[in-house]
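Structure, as structure tokens:
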Amino acid sequence: MSLSEPVRNQAPRLVIRSQVVDDVSAQLLDHLPAEGGLAWVRRGDGHVGWGVAARLDVAGGNRFQDAMRWWQEVTSTAVVRDDVGVPGSGLVCFGSFGFTDQDPSVLVIPEIIVGRRAGTTWVTTVSPASSLAAPPELVKHEPSPVYDVTFADGARTGTAWSSIVAEAVRRITAGELDKVVLARDLIAIAAQPIDLRWPLHRLATSYPNCWTFSVDGLIGATPELLVRREKGLITSRVLAGTIRRTGDDAHDLALAASLARSSKDLEEHEYAVRSVAEALEPHCKSMNVPETPFVLHLPNVMHLATDVAGVANNGASALGLAAALHPSAAICGTPTPVARDLIGEIEGMHRGRFSGPVGWMDASGDGEWCIALRCGQADPDNPRRMRLFAGAGIVAGSNPNAELAETNAKLVPMRDALGD
């Protein structure tokens with residue numbers, strides 16, 4: 001079996017070696033080759049990878065359980081020599097999960113991983129059990145710019161989507177549910193095949209406080225940490241309630257104050273925080289849930305944000321915790337089953353892996369999983385096309401035109417990243 005040949009739906013026996021190195025670029029993304037790059041970077045730290053030592057494609061109602069079972073089988077037979085000993089070194093996988101049971105999900109173990117954490121940089125090689133690969137000579141690659149991008153409506157026009165929001169408000173006012181999150185897509189079409197490394201670099205530069213990711217053609221820079229597990233500490237950052245920035249600092253400060261007082265946005269945020277806290281509580285022996293949110297300032301928008309933290313009381317992995325949290329009220333609604341059904345009834349598109357968990361996990365079960373937001377999916381059948389996604393939380397006080405404007409603001413990061 002060739003090392004570059006994906007291993008699907010079976011657990012291989014692997015040999016892993018992590019070593020400290022010095023010749024790593026300040027931009028980890030510089031090392032990504034043209035095809036098949038994986039990335040998870042924030043504030044210059046994180047890891048990137050390429051090649052496929054093993055891969056799992058999975059879907060269905062048991063996709064998280066199947067993925068965790070496969071990962072446990074991989075780690076139980078792996079031979080790991082980790083000379084680095086920091087989160088992200090040793091054996092790790094990258095993953096991205098669909099929003100619904102029917103949407104595809106994937107875990108990938110790269111052949112090569114280059115990482116950085118708190119000033120320490122390393123290279124991890126992943127080989128079949130019969131061999132041990134030598135550390136590669138790292139080179140820098142220049143991505144090709146993306147030119148002449150045009151944008152077209154996706155599944156719905158803006159006007160049609162606003163009418164869907166109005167219908168959701170009607171259902172909420174009638175008492176059927178408290179909140180629903182509705183998404184829309186936009187199609188980007190470039191004159192030449194899109195080099196995904198180009199928008200990745202721009203996202204990482206423009207949004208350093210977000211998690212910039214690339215997994216199997218899904219790329220983005222998400223501000224929302226679904227869950228992190230590290231040495232017994234569990235954390236989650238909840239975002240719900242959004243206002244667009246103007247670029248005028250004084251005006252933006254006033255807008256931030258109005259967001260913090262907005263009954264509509266505070267109501268939406270409360271639902272999201274409550275759903276996360278209730279999902280994490282069985283896995284924590286103690287928790288800290290702040291009573292009031294803070295305003296998170298990003299270059300394009302501001303969000304109401306709450307950081308929930310807890311101390312783990314069981315062995316649930318980071319992916320197991322992500323499974324317990326998905327879908328949260330922040331990307332689905334309240335009550336979740338009713339909101340999920342309404343999304344399926346009126347949203348009018350397949351989200352794919354948009355708003356599903358995306359992230360990484362190590363052999364001990366520690367890792368980070370974010371919600372795949374501010375992202376785009378490359379079209380496997382047309383390398384010049386991408387689907388871009390955005391969504392908005394709808395509650396009783398929502399105005400359809402304002403919600404459409406919110407989604408337009410959330411599309412800005414990917415639209416700008418694709419610009420020349």
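These numbers were taken from a predicted model, which means no experiment stands behind them.
A 4.5 Å side-chain heavy-atom check between Leu218 and Asp216 finds every atom pair outside the cut-off. Counting only heavy atoms from C-beta outward, the side chains of Phe213 and Thr222 approach each other to under 4.5 Å. Residues Trp70 and Asp66 are not in side-chain contact: their nearest non-hydrogen atoms beyond the backbone lie 4.5 Å or more apart. Considering only heavy atoms from C-beta on, Ile109 comes within 4.5 Å of Val74 through its side chain.
Residues satisfying the side chain to side chain donor-acceptor pair (under 3.5 Å) criterion with Thr246, sequence neighbours excluded, are Asp252. In terms of the side chain to side chain donor-acceptor pair (under 3.5 Å) criterion, Asp45 has no residue partners (sequence neighbours excluded). For His47, the side chain to side chain donor-acceptor pair (under 3.5 Å) criterion is met by no residue, not counting sequence neighbours. Partners of Arg374 under the side chain to side chain donor-acceptor pair (under 3.5 Å) rule, at least two apart in sequence or in another chain, are His303.
When atom types are taken as modelled, the side chain of Thr334 and the backbone of Thr336 share no donor-acceptor pair closer than 3.5 angstrom. With Ser236 contributing its side chain and Val227 its backbone, the two residues share no donor-acceptor pair below 3.5 Å. Side chain of Asn300 to backbone of Ala409: a donor-acceptor contact under 3.5 angstrom is found. Distance alone, capped at 3.5 Å, places no donor-acceptor pair between the Ser262 side chain and the Ser258 backbone. Proximity of a side-chain donor or acceptor of Trp369 to a complementary backbone N or O of Leu321 within less than 3.5 Å is not detected. Between the side chain of Ser275 and the backbone N or O of Ala272 there is at least one donor-acceptor pair closer than 3.5 Å. When atom types are taken as modelled, the side chain of Arg116 and the backbone of Gly44 share a donor-acceptor pair closer than 3.5 angstrom.
Pairs of residues two or more places apart, or lying in two chains, never qualify as salt bridge (Lys or Arg N to Asp or Glu O under 4.0 Å) while including a residue from residues 118-147. Sorted by first and then second residue, the salt bridge (Lys or Arg N to Asp or Glu O under 4.0 Å) pairs involving residues 219-230 (not counting sequence neighbours) are Arg117-Glu230, Arg228-Glu368, Arg229-Asp366. Sorted by first then second residue, the side-chain hydrogen bond (donor to acceptor under 3.5 Å, both in side chains) pairs that include residues 304-315, not counting sequence neighbours, are Arg237-Asp307, His269-Thr306, His283-Asn314. Applying the salt bridge (Lys or Arg N to Asp or Glu O under 4.0 Å) test to every pair with at least one member in residues 89-104, sequence neighbours left out, gives these pairs: Arg63-Asp101. Residue pairs meeting the salt bridge (Lys or Arg N to Asp or Glu O under 4.0 Å) criterion with at least one member in residues 271-281, sequence neighbours excluded: Glu270-Arg274.
Annotation: the span from Ile194 atom CD1 to Met386 atom CE amounts to 6.0 Å, rounded to 0.5 Å. The distance from the OG atom of Ser214 to the CG atom of Leu200 is 5.0 Å, given to the nearest 0.5 Å. Between the OG1 atom of Thr212 and the CD1 atom of Ile219 there is a distance of 9.5 Å, given to the nearest 0.5 Å. To the nearest 0.5 angstrom, Leu373 atom CG is 10.0 Å from Leu226 atom CG.
A side-chain donor from one of Arg43 and Asn209 sits under 3.5 Å from a side-chain acceptor of the other.
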Validation: residues 26-33 side-chain donor-acceptor distances under 3.5 Å, sequence neighbours left out:
from	atom 1	to	atom 2	distance (Å)
Asp30	OD2	Ser25	OG	2.6
His31	ND1	Val139	O	3.0
His31	NE2	Ser25	N	2.9

Side-chain donor-acceptor contacts of residues 181-193 below 3.5 Å, not counting sequence neighbours, with atom names and distances?
from	atom 1	to	atom 2	distance (Å)
Arg184	NH1	Thr407	OG1	2.9
Arg184	NH1	Asn408	OD1	2.9
Asp185	OD1	Ala155	N	2.8
Asp185	OD2	Arg387	NE	3.0
Asp185	OD2	Arg387	NH2	3.0

List, one per line, each side-chain donor-acceptor pair under 3.5 Å for residues 78-90, sequence neighbours excluded.
from	atom 1	to	atom 2	distance (Å)
Asp82	OD1	Val84	N	2.9
Asp82	OD1	Gly85	N	3.1
Asp82	OD1	Ser89	OG	3.2
Asp82	OD2	Ser89	OG	2.8
Asp83	OD2	Arg17	NE	3.2
Asp83	OD2	Arg17	NH2	3.1
Ser89	OG	Gly85	N	3.3
Ser89	OG	Val86	N	3.1
Ser89	OG	Val86	O	2.8

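The 12-atom threshold is exceeded at CD of Gln65, counting heavy atoms of other residues, nucleotides or ligands nearer than 6.0 Å. Surrounding NE2 of His350 are at most 12 heavy atoms belonging to other residues, nucleotides or ligands under 6.0 Å away.
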Asn401/Ser162 under side-chain contact (heavy atoms from CB on, under 4.5 Å): CA gap, chis, key distance, verdict: CA-CA 6 Å; Asn401 291 332; Ser162 294; 4.2 Å; yes
Residue pair Thr120, Val20: steps toward the side-chain contact (heavy atoms from CB on, under 4.5 Å) verdict: CA-CA 7 Å; Thr120 299; Val20 174; 4.2 Å; yes
Let's go through Lys410 and Glu406 carefully: what are the C-alpha distance in whole Å and the side-chain angles of both, what is the deciding distance for salt bridge (Lys or Arg N to Asp or Glu O under 4.0 Å) to 0.1 Å, and is it a yes or a no? CA-CA 6 Å; Lys410 291 175 177 177; Glu406 180 178 320; 2.7 Å; yes
Please assess Ile234 against Cys284 for the test side-chain contact (heavy atoms from CB on, under 4.5 Å), listing each intermediate value before the final yes or no. CA-CA 8 Å; Ile234 297 170; Cys284 297; 3.9 Å; yes
So Ser206 and Arg202, side-chain hydrogen bond (donor to acceptor under 3.5 Å, both in side chains) or not? Walk me through it. CA-CA 6 Å; Ser206 299; Arg202 295 176 69 131; over 6 Å; no
Begin from the C-alpha positions of Arg42 and Tyr207 and carry the test side-chain contact (heavy atoms from CB on, under 4.5 Å) through to its verdict. CA-CA 9 Å; Arg42 182 174 186 250; Tyr207 299 87; over 6 Å; no
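With salt bridges taken as basic N to acidic carboxylate O contacts below 4.0 Å, one links Glu268 and Lys264.
For the pair Arg156 and Trp161, the cation does not sit on the ring face, since its NZ or CZ is not both under 6.0 Å from the ring centre and inside 45° of the axis.
Taking the six-membered ring for Trp and the full ring otherwise, the centers of Phe354 and Phe99 sit at least 6.0 Å from each other.
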